[in-house]
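Down below is the structure, laid out as structure tokens.
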Amino acid sequence: MPDPDSSPVPYGLRVAAAVAWRTLVVAAALTVVGFLAVKLASVLVPVAVALLLAGLFSPGVSWLAGKKVPRGLAAAIVLVGGIVLAGGVVTFVVISVTVGMPGLIDQVTVSLTDLHTWLGTGPLHLSQSQLDEMLGNLTAMLGRNKSAIASGALTTAVTVGELLAEALLVVFCLIFFLAQGRVIWLFVLRAVPARLRDRVDVAGRSGFTTLAHYIRGTAAVAFVDAAGIGLGLVIIGVPLAAPLSALVFLGAFIPVIGSVIAGAIAVLVALAANGVWAAVIVLAVVVGVMQLESHVLQPLLLGRAVRLHPLAVVLALAIGLVAAGIVGALFAVPLLAVVSSGVRSLATRPENHSPGRTAPGATRSSLEDRAPDPGEA
């Protein structure tokens with residue numbers, strides 16, 4: 001038998017080559033998965049949203065099921081209640097925008113008049129001809145991009161239609177996730193080899209529990225952010241306080257940057273409508289709420305459940321933004337949390353498990369008892 005150390009290829013190079021080709025295989029597999037994910041995004045994204053909502057709504061379903069309400073009926077009640085609540089909030093926001101927009105336009109008009117006066121009499125000392133030239137250039141730019149604006153409006157109309165179809169898919173998936181989550185998980189487990197099924201079952205339950213805790217904690221943080229900033233906007237007298245609060249609530253679901261962007265928009269509206277000092281006060285309110293979120297709310301509500309290093313969160317967010325834009329930023333952190341929780345569960349070998357074997361007594365009935373039901377997360 002030849003001695004491996006007598007090979008003419010140095011040992012270090014052989015190890016590097018082995019690592020390199022395995023890395024290329026993994027990269028190729030990830031590329032294929034990413035390609036399929038992009039092609040099937042219109043299906044995968046609604047399913048992912050339904051999973052997030054299942055984690056959010058599951059306590060209500062579990063509570064009703066504990067009151068002897070049939071699980072299917074409990075899921076229907078919670079789902080209809082959620083739709084009614086969301087519809088009420090959207091209606092309130094639309095009414096607030098409709099009522100507040102004329103006042104905002106008047107205030108912005110006054111602000112633009114003041115800006116025009118300041119440009120002429122302030123430190124810049126722009127002449128009337130220069131101001132007219134700036135206005136003419138702006139009008140010409142809008143005219144040159146008229147076709148692009150029209151095509152953008154058409155694209156928006158198509159996007160709205162796609163969003164409606166995807167929203168229906170979300171509702172359809174959510175009904176089954178809430179009512180039959182246990183059955184669906186057992187069906188998925190059949191694809192796993194029998195000797196690994198019990199450990200995959202534990203990892204799946206751990207991942208879904210982490211997802212449920214993440215979405216509930218994030219919703220609580222988003223509510224506090226929206227309430228705090230919205231109250232500050234109302235006290236200061238900034239128009240469209242309700243829509244801006246709703247924007248802050250939605251932005252909080254994108255870690256790190258979502259709340260910052262929503263808060264910046266609130267500051268800009270205050271600047272345009274109420275002046276510099278009002279904008280400074282709104283900025284102070286936004287900074288104060290963000291400090292409360294980062295130092296109190298997130299460690300308290302998300303820290304122990306998610307257990308992700310801040311650097312991992314930022315990197316996942318950056319990769320999600322580069323790869324899939326806003327959708328990627330929305331799902332990057334919860335996906336990382338689920339994968340991290342599942343990997344930790346698989347890496348931890350239970351005392352009653354043997355390597356490569358199921359736990360004693362891990363029958364179909366025991367798996368059913370421990371299946372990751374959304375109502376029990």
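Note that the numbering runs from 1 along the sequence shown for the chain.
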Handout entry: N274 vs V269 side-chain heavy atoms within contact, under 4.5 Å
Key = no
Practice task
Answer yes if L268 and V238 sit in the same cluster of Ile, Leu, Val, Met, Phe, Trp and Tyr residues linked by side chain heavy atoms under 4.5 Å apart, and no otherwise.
Solution key: no
Practice task
Over all heavy atoms of both residues, which pair between V78 and G60 is shortest? Give the atoms and the distance, please.
Solution key: CG2-C, 3.7 Å
Exercise for the section: State yes or no: do V188 and V192 share one hydrophobic cluster built from I, L, V, M, F, W and Y residues joined by side-chain heavy-atom distances below 4.5 Å, directly or via other members? Expected result: yes
Handout entry: Interatomic spacing from CG in L231 to CD1 in I236 - rounded to 0.5 Å
Key = 9.5 Å
Handout entry: Same apolar cluster (I L V M F W Y, side chains within < 4.5 Å links), I77/L79
Key = yes
Problem - Closest approach of A262 to V248 (non-hydrogen atoms, all atoms of both residues) - result: CB-CA, 3.7 Å
Problem - Pairwise distance CG(L240) to CG(L233) - rounded to 0.5 angstrom - result: 10.0 Å
Problem - Residue I326 excluded, over 12 heavy atoms near CD1 under 6.0 Å - result: no
Problem - V89 and F249: CA distance, side-chain angles, deciding distance, side chain to side chain contact (heavy atoms under 4.5 Å, CB included) verdict - result: CA-CA 12 Å; V89 172; F249 179 83; over 6 Å; no
Handout entry: Any donor-acceptor N/O pair, S340 side chain to L336 backbone, under 3.5 Å
Key = no
Practice task
Using a 4.5 Å cut-off on heavy atoms from C-beta on, say whether the side chain of W63 contacts that of V69.
Solution key: no
Completion exercise
Rounded to the nearest 0.5 Å, the OG atom of S259 sits from the CD1 atom of I229 at a distance of 7.0 Å
Handout entry: Distance-minimising heavy-atom pair for P239 and L244
Key = O-CD1, 4.0 Å
Practice task
Please report the closest heavy-atom contact between A48 and F331, naming both atoms and the distance.
Solution key: CB-CE2, 3.5 Å
Fill in the blank from the handout: In this structure, CZ of R71 is separated from OG of S62 (nearest 0.5 Å) by 6.5 Å
Practice task
Return yes if some donor-acceptor pair links the side-chain N/O of R197 with the main-chain N/O of L189 below 3.5 Å, else return no.
Solution key: yes
Exercise for the section: Please report the shortest heavy-atom distance between S58 and R216, naming the atom on each side. Expected result: OG-NH2, 2.5 Å
Problem - Polar side-chain atom of S341 near backbone of A337 as donor-acceptor pair, under 3.5 Å - result: no
Exercise for the section: Would you please say whether a donor-acceptor pair under 3.5 Å links the side chains of S206 and S345? Expected result: no
Practice task
Let me know which of V25, V19, V26 forms a side chain to side chain contact (heavy atoms under 4.5 Å, CB included) with T23.
Solution key: V19
Practice task
Please round to the nearest 0.5 Å and tell me the distance separating atom CD1 of I319 and atom CG of L335.
Solution key: 11.0 Å
Handout entry: Under 3.5 Å donor-acceptor, T218 side chain and Y214 backbone
Key = yes
Exercise for the section: Might you work through the side chain to side chain contact (heavy atoms under 4.5 Å, CB included) test for I257 and L321, ending with a clear yes or no? Expected result: CA-CA 11 Å; I257 63 172; L321 275 173; 3.6 Å; yes
Problem - Validation row: F177, L53 side chains within 4.5 angstrom (heavy atoms) - result: no
Handout entry: Partner set under ring-ring contact (aromatic ring centres under 6.0 Å, His included) for F172, not counting sequence neighbours
Key = F176
Fill in the blank from the handout: For A75 and V61, the nearest pair of non-hydrogen atoms, with its separation, is CA-CG2, 4.0 Å
Handout entry: Joint cluster assignment, V47 & F253, ILVMFWY side-chain distance < 4.5 Å
Key = yes
Fill in the blank from the handout: To the nearest 0.5 Å, atom CG of L52 lies from atom CD1 of I215 at 4.5 Å
Handout entry: Student check: side-chain heavy atoms of D225 and M290 closer than 4.5 Å
Key = yes
Exercise for the section: Consider only side-chain heavy atoms of I, L, V, M, F, W and Y, link residues closer than 4.5 Å, and tell whether L178 and L73 are in one cluster. Expected result: yes
